[in-house]
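First up is the structure itself, then whatever we jot down about it.
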2 protein chains.
Amino acid sequence: MVTALRDVFRAKGWDGASLSDLSRATGLSRAALYHHFPNGKADMAAAALDDVERRLGAELFAPLAGEGAPEARFARWLDGIAAYYRNGDLGCLLGALSLGQDEHKLRPRVEDGFTRWIEALARLADERGAAPADARASAVAVVALIQGALTLARATSSSAPFETALRAAPHILFGNRSA
Amino acid sequence: MVTALRDVFRAKGWDGASLSDLSRATGLSRAALYHHFPNGKADMAAAALDDVERRLGAELFAPLAGEGAPEARFARWLDGIAAYYRNGDLGCLLGALSLGQDEHKLRPRVEDGFTRWIEALARLADERGAAPADARASAVAVVALIQGALTLARATSSSAPFETALRAAPHILFGNRSA
DNA sequence: GTCTATAATAGGATAGAC
DNA sequence: GTCTATCCTATTATAGAC
């Protein structure tokens, strides 16, 4: 059920995801949703964030910090990313929730999610011997690249930008970029 | 007036931008807005797209195709981009409108806008001698990078990701990346 | 051209039956 | 736990005065 909610937020964002949408996706009435999530949409989005964090943490970010060459781990991670986003057909929950509701409670969680992505990738670049500042800059660039590629994929109804971005990612994370 | 509308869409996206928001930003009543834009929000967003296309076309993309070394033109373009997005404080209209309203009339225009960005940058990489496919891939990566950096900047309330992305952009567009 | 007033609808949320 | 029914508010849109 949470995955159904999650997918609505991924596809429509905070403002676009109405209770009717969420009700339809889950097969539950609006009132029934309030039984599971007393605070309404905010609780549903929080549950979706929980689900994504738990799932991606276990399947993608744990192996990323495992053993083997950094390049090989990153390549596996990219494969996982491609699968999770279905080659660009699905959006990113963090990105979708970053627009809208100005003052809401989810903001820190979204920010935190992005920070974790960046730190995990920065560690990888760091292992390869990059200077800390360069490692972080490369990691930021890779996360931005993937986020933007999902935006382009959605806007153009094509998976091509996403695939292009994933191919470029290793060069950006590990490539020799001075300053 | 159109720039006020534009900025609301940039900040809140299609779903988040209500007529009340647009009315407040312009200082006009909702009814007065309908006088200028008979079809409501859709017309306002279209006018915002017109404004952005005209403005960026003249100030950024025309000089990009001008004379001088590609690297220098690209550097000036990046300066213009930084100014237009106020170092990441403002969002991208295309990106903001890419989420929401499933079937609406603006979709082709958003797609077209992104396509023009990509083609302009691809020409630049092409001038530098990149193979056509590589030039296009690099251009896609740069547009995605900038888009994603704006998402990160908004999510983290920091201009740092945006500035990092702009520094990385020349290496991605012109750097030696083999396939 | 802009306003006030108003309609019609959708969204968010709650009450209470089962 | 899930439903129907309901409420309140916000949103989109229109009518008509000035």
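Every chain is numbered from 1 and lettered A, B, ... according to where its sequence line falls, protein lines coming before strand lines. In what follows, every heavy atom counts, from backbone to side chain, and hydrogens, waters and symmetry copies are set aside. Everything numeric in this text was worked out from a predicted model, so none of it was measured.
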Less than 4.0 angstrom from a charged side-chain N to a carboxylate O is my criterion; do Arg10(A) and Asp7(A) meet it?
yes

Can you run down the side chain to side chain donor-acceptor pair (under 3.5 Å) pairs that involve residues 124-133 of chain A, sequence neighbours left out, and say none if there aren't any?
Glu71(A)-Arg128(A), Arg73(A)-Glu127(A)

DNA chain C contacts made by residues 14-26 of chain B, counting heavy atoms under 4.0 Å:
none

Could you pull out all residues at least two apart from Ala11(A) that satisfy side-chain contact (heavy atoms from CB on, under 4.5 Å)?
none

Residues two or more places apart in sequence or in another chain: which of them pass side chain to side chain donor-acceptor pair (under 3.5 Å) with Ser20(A)?
none

Sequence-distant partners of Asp89(B), side chain to side chain donor-acceptor pair (under 3.5 Å), two or more places apart
none

List in chain and number order the residues that pass side chain to side chain donor-acceptor pair (under 3.5 Å) with Asp112(B), two or more places apart in sequence or in another chain; answer none if no residue qualifies.
Arg116(B)

Axis-to-axis angle between the two ends of the helix from dG1(C)-dC18(D) to dC18(C)-dG1(D) (five base pairs per end, rounded to 10 degrees)
0°

Under the rule for side-chain contact (heavy atoms from CB on, under 4.5 Å), what residues qualify as partners of Ala47(B), not counting sequence neighbours?
Val2(B), Phe37(B)

Show me the pairs that pass ring-ring contact (aromatic ring centres under 6.0 Å, His included) and involve residues 2-23 of chain A, at least two apart or across chains.
Trp14(A)-His104(A)

Run the side-chain donor-acceptor check on residues 91-98 of chain B: report pairs under 3.5 Å with partners two or more places apart or on a different chain.
unit_1: Ser98(B); atom_1: OG; unit_2: Arg154(A); atom_2: NH2; d: 3.3
unit_1: Ser98(B); atom_1: OG; unit_2: Gly95(B); atom_2: O; d: 2.8

First and last nucleotide of DNA chain D, 5' to 3', lying under 4.0 Å from heavy atoms of chain A:
dG1(D) to dT4(D)

With respect to the phosphate group of dT14(C), does any side-chain polar atom (N or O) of Tyr34(A) fall under 4.0 Å of OP1 or OP2?
no

In whole angstrom, give the distance that lies between atom CZ of Arg30(B) and atom C1' of dT4(C).
11 Å

Results of side-chain contact (heavy atoms from CB on, under 4.5 Å) for Leu60(A) - residues two or more places apart only
Leu56(A), Trp77(A), Ile81(A)

